[in-house]
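Just below is one structure, and these are the notes that go with it.
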Amino acid sequence: MALSGFPEWLPPQRMIEQAVIDRARRVFELYGFSPLETRSVEPLDTLLKKGETSKEVYLLRRLQADSDDVSDSTLGLHFDLTVPFARYVLEHAGKLQFPFRRYQIQKCWRGERPQEGRYREFLQADIDIVDRDTLPSHYEAELPLIIADVLSGLPVPPIRIQVNNRKVLAGFYRGLGVEDTEAAVRAVDKLDKIGPDGVTKELASIGVSEKQAELALRLAEISTPDGSFVDLVQKLGVKDDLLDEGLAELSNVVETARAHAPGLCYAELKIARGLDYYTGTVYETQMLGYEKAGSICSGGRYDNLASSGKDRFPGVGISIGISRMLGLLFGQNALTVSRDVPTCVVIALAAEQDRPAANLTAAKLRARGIATEVAPSAAKFGKQIKYAERRGIPFVWFAGADGSDTVKDIRSGEQVPAAAETWLPAEGDLVPVIGGSFG
RNA sequence: GUGGUCGUAGCUCAGCUGGUAGAGCACCCGGUUGUGGUCCGGGAUGUCGCGGGUUCGAGUCCCGUCGAUCACCCCA
């Protein structure tokens, strides 16, 4: 029985997902991130420590647990990989080298209403860099480039990473004289949905004057693929130290990206999203052609998430929402895999008593890295070929008398002499290849 | 968590105002007696998402539930 929000893919889809995981892992390690896995559960108070964030946390309880027990030590499934990581850093700080770069590819859980690309159980590929006491802001410029590296090696649509900085927003509103900057940010964030008039109304309800609202909207309209947004902001005439700090950081991120990957990053001054522990840079990522589906890769800088007493570990991180990205693309049938199974070769069986010999041949092929299975039964050869064909397996192997084996490429029909000790499939046939089509 | 739409064979869908289920593709068998894909002939297929209710009778109406999806919320 299907459970809402807990998707289960078919093997071809899982092969695609694994290819994405493999790619992410390879690239993350190429950039020097260490592998890490944290437990699936955290104490509830750890999960909720920073702000009211998610009330959608799943709790873990024993069947026999006392129903009156609502202590803070209740366990909850993590809803992202950043909060558990922050906890992990504090706990193992003595054994870690800083700055510490790690990647984590794991399931997360949120009890939200599912939709296409939104699940209750989903896979995230997360990278973070934390340092002790202070964290240079050049890391904030590095992360988008790594994400682009991962995704550009996969058959997915081109992406645009929208970057903003909470200091810009908070500083701007402060300089403007707005008291509740958080509420203002939330209101302006709805610009696309409720329009300028709607935002003005919502701002008015928290005591923002019309003049202030107008400037806030002018700020939100700013979007540039380079550092030119700084001038545009300054022309609005708002003065604030925090604002200047944010502008410098944001400019650095966008300009760095422009130098390495033009068109990848935009300074997008209306975005404010992400969990509420972010304190500076925030990222949000759209797949071109899938903008309405929301961000498939988000993150940001957090200065206060991992701190205890006088120890402070500021960090910056970003997560690829693998399940969301794939769910959206699967929904459009935009991803393909060259076969439904890993098998490259099926060894045909003329008679059941040939199975031991076939197993030997299979073992020789497998020893050289060629995925091989022996036919399920000694049916007519036509049926055995069909067995392979239905699964997209490219080759059928026929044993000949006194070692004169042949292998048939069932796509072309070409059948050639082959020896299990030496034969190799074409490079593109060795393992399933994933592909994509999108407009 | 709130509200809307949808749910018929493996897939895409048809089934008029309620009379007890169909097509195409796919699949299986045979023609082709151990080398498939074309062609021809034949064949099987469904708890009509699930559970209640109304009715002489429900795929068709009502309620609930589960699932998918959309909007809100939130966000990967």
Side-chain angles (χ1 to χ4, degrees), chain A residues 1-8 10 20 24 51-57 78-83 104-126 147 151 159 186 189-190 193-194 198 271-278 282-287 290 292-300 317-331 333 340 346-352 354 375 377-400 406-415:
Chain A
M1 186 178 101
L3 279 181
S4 186
F6 295 83
E8 294 184 304
L10 291 167
V20 172
E52 300 306 304
T53 334
S54 188
K55 291 132 198 156
E56 306 294 357
V57 173
H78 57 229
F79 55 83
D80 72 1
L81 299 175
T82 306
V83 169
Q104 235 174 298
I105 303 174
Q106 285 180 243
K107 287 282 178 65
C108 297
W109 296 267
R110 290 181 199 174
E112 293 169 19
R113 182 76 128 231
Q115 287 180 25
E116 187 169 60
R118 301 184 54 169
Y119 308 105
R120 289 174 164 171
E121 177 178 68
F122 55 96
L123 191 63
Q124 280 198 314
D126 185 283
I147 295 305
L151 296 181
I159 56 160
R186 252 178 283 126
D189 188 49
K190 295 181 184 169
K193 276 176 189 166
I194 61 179
I271 71 154
R273 298 165 155 196
L275 284 322
D276 59 7
Y277 47 68
Y278 295 128
V282 291
Y283 312 101
E284 199 165 288
T285 307
Q286 325 290 142
M287 284 193 289
Y290 294 79
K292 280 205 305 191
S295 174
I296 54 127
C297 179
S298 306
I318 189 165
S319 284
I320 303 173
I322 293 181
S323 299
R324 164 168 293 185
M325 181 176 79
L326 293 182
L328 293 169
L329 295 172
F330 288 157
N333 283 316
D340 288 355
V346 169
I347 300 187
L349 228 41
E352 192 51 41
D354 296 335
S377 67
K380 288 192 212 171
F381 282 156
K383 278 196 173 183
Q384 299 189 50
I385 290 171
K386 262 193 158 176
Y387 173 92
E389 188 194 18
R390 275 202 309 264
R391 293 163 176 75
I393 299 168
F395 299 103
V396 177
W397 191 280
F398 295 93
T406 56
V407 65
K408 177 181 184 118
D409 181 331
I410 64 173
R411 295 158 303 186
S412 64
E414 188 190 9
Q415 188 164 345

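Naming convention: chains lettered A, B, ... in sequence-line order (proteins, then strands); numbering from 1 in each chain. These values consider heavy atoms only, across backbone and side chains, with no hydrogens, waters or symmetry-generated copies.
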Looking at A:Phe395, is A:Arg411 sitting on its ring face, NZ or CZ under 6.0 Å from the six-membered ring centre and within 45 degrees of the normal? yes
Indicate, with a heavy-atom threshold strictly under 4.0 Å, whether A:Leu3 touches base, sugar-phosphate, or nothing. sugar-phosphate
Euclidean distance, atom OH of residue A:Tyr387 to atom P of B:rC27 [Å, nearest integer]: 16 Å
Reading RNA chain B from 5' onward, which residue's closest nucleotide shows up sooner: A:Arg186 or A:Ala2? A:Ala2
Using a cut-off of 4.0 Å on non-hydrogen atoms, how would the nucleic acid contact of A:Ala350 be classed: base, sugar-phosphate, or nothing? base
What does A:Gly382 touch in the nucleic acid at a heavy-atom separation under 4.0 angstrom: a base, only the sugar-phosphate, or nothing? sugar-phosphate
Nearest whole Å is fine: how far is B:rC75 P from A:Met287 CE? 19 Å
Please check the phosphate of B:rA76 (OP1 and OP2 only) for any side-chain N or O of A:Ser298 closer than 4.0 Å. yes
Donor-acceptor under 3.5 Å (A:Arg110 side chain, A:Glu56 main chain): no
What interatomic distance, in whole Å, is found between P of B:rA9 and the corresponding atom of B:rG15? 15 Å
Would you mind classifying the nucleic acid contact of A:Gly331 as base, sugar-phosphate or nothing, using non-hydrogen atoms under 4.0 angstrom? nothing
Go ahead and write out RNA chain B as dot-bracket, 5' to 3': ( ) for pairs within the strand, [ ] for ones crossing earlier pairs, | when the partner sits on another strand, dots for unpaired; Watson-Crick or G-U wobble, both distances under 3.5 Å. (((((((..((((.....[..)))).(((((.......))))).....(((((..]....))))))))))))....
In whole Å, what separates the C1' atom of B:rG51 from that of B:rU12? 29 Å
Using heavy atoms to find the nearest nucleotide of RNA chain B for A:Lys292 and A:Phe6 separately, return the residue whose nucleotide is more 5′. A:Phe6
d(OH, A:Tyr277; P, B:rC75) in whole Å: 10 Å
B:rU45 and B:rC61: how far apart are their C1' atoms, nearest whole angstrom? 29 Å
Are any of A:Ser4's side-chain N or O atoms less than 4.0 Å away from OP1 or OP2 of B:rA68? yes
Kindly say whether A:Thr285 contributes a backbone atom to a donor-acceptor pair with the side chain of A:Ser295 at under 3.5 angstrom? yes
Could you work out the separation of B:rA23 and B:rC48 based on their C1' atoms and round it to a whole Å? 16 Å
Over how many whole Å does the gap from A:Gln286 atom CD to B:rA76 atom P extend? 12 Å
Same-atom distance (C1') from B:rC27 to B:rG37, integer angstrom: 15 Å
Between B:rA71 and B:rA14 - P atom distance, rounded Å: 24 Å
What integer distance in Å separates A:Leu328:CG from B:rC75:P? 18 Å
Looking across every strand, which nucleic acid part, if any, lies under 4.0 Å from A:Cys108 by heavy atom: base, sugar-phosphate, or nothing? nothing
Remember a base hit wins even if backbone is also touched, and classify A:Arg390 as base, sugar-phosphate or nothing at under 4.0 Å, heavy atoms. sugar-phosphate
Tell me the interatomic distance from A:Phe395, atom CZ, to B:rG36, atom C1', rounded to whole angstroms. 16 Å
If I pick the P atom on B:rC50 and the same atom on B:rU8, what distance separates them, to the nearest angstrom? 10 Å
Nearest whole angstrom, please: distance from the C1' of B:rC75 to the CD1 of A:Ile320. 17 Å
Can you tell me, in whole Å, how much space there is between the P of B:rU5 and that of B:rA76? 31 Å
Where the side chain of A:Ile385 is concerned, which of B:rC73, B:rA76, B:rG36 is the nearest nucleotide? B:rG36
Please report the distance, rounded to the nearest Å, between CG in A:Asp126 and P in B:rC75. 16 Å
Can a donor-acceptor pair under 3.5 Å be found between the side-chain atoms of A:Gln415 and the base atoms of B:rU35? yes
Counting N and O atoms only, with roles assigned by atom type, does the side chain of A:Ser323 sit under 3.5 Å from a partner on the main chain of A:Leu123, one being a donor and the other an acceptor? yes
Per the under-4.0 Å heavy-atom filter, residues of residues 113-122 of chain A near RNA chain B come out as A:Arg113, A:Gln115, A:Glu116, A:Gly117, A:Arg118, A:Tyr119, A:Phe122
More than 12 heavy atoms of other residues, nucleotides or ligands under 6.0 Å from CD of A:Glu8: yes or no? no
Polar atoms only, N or O, under 3.5 Å: list the protein pairs with nucleotides 37-43 of chain B and their distances.
unit_1	atom_1	unit_2	atom_2	d
B:rG37	N2	A:Ile410	O	3.2
B:rG37	N2	A:Arg411	O	2.8

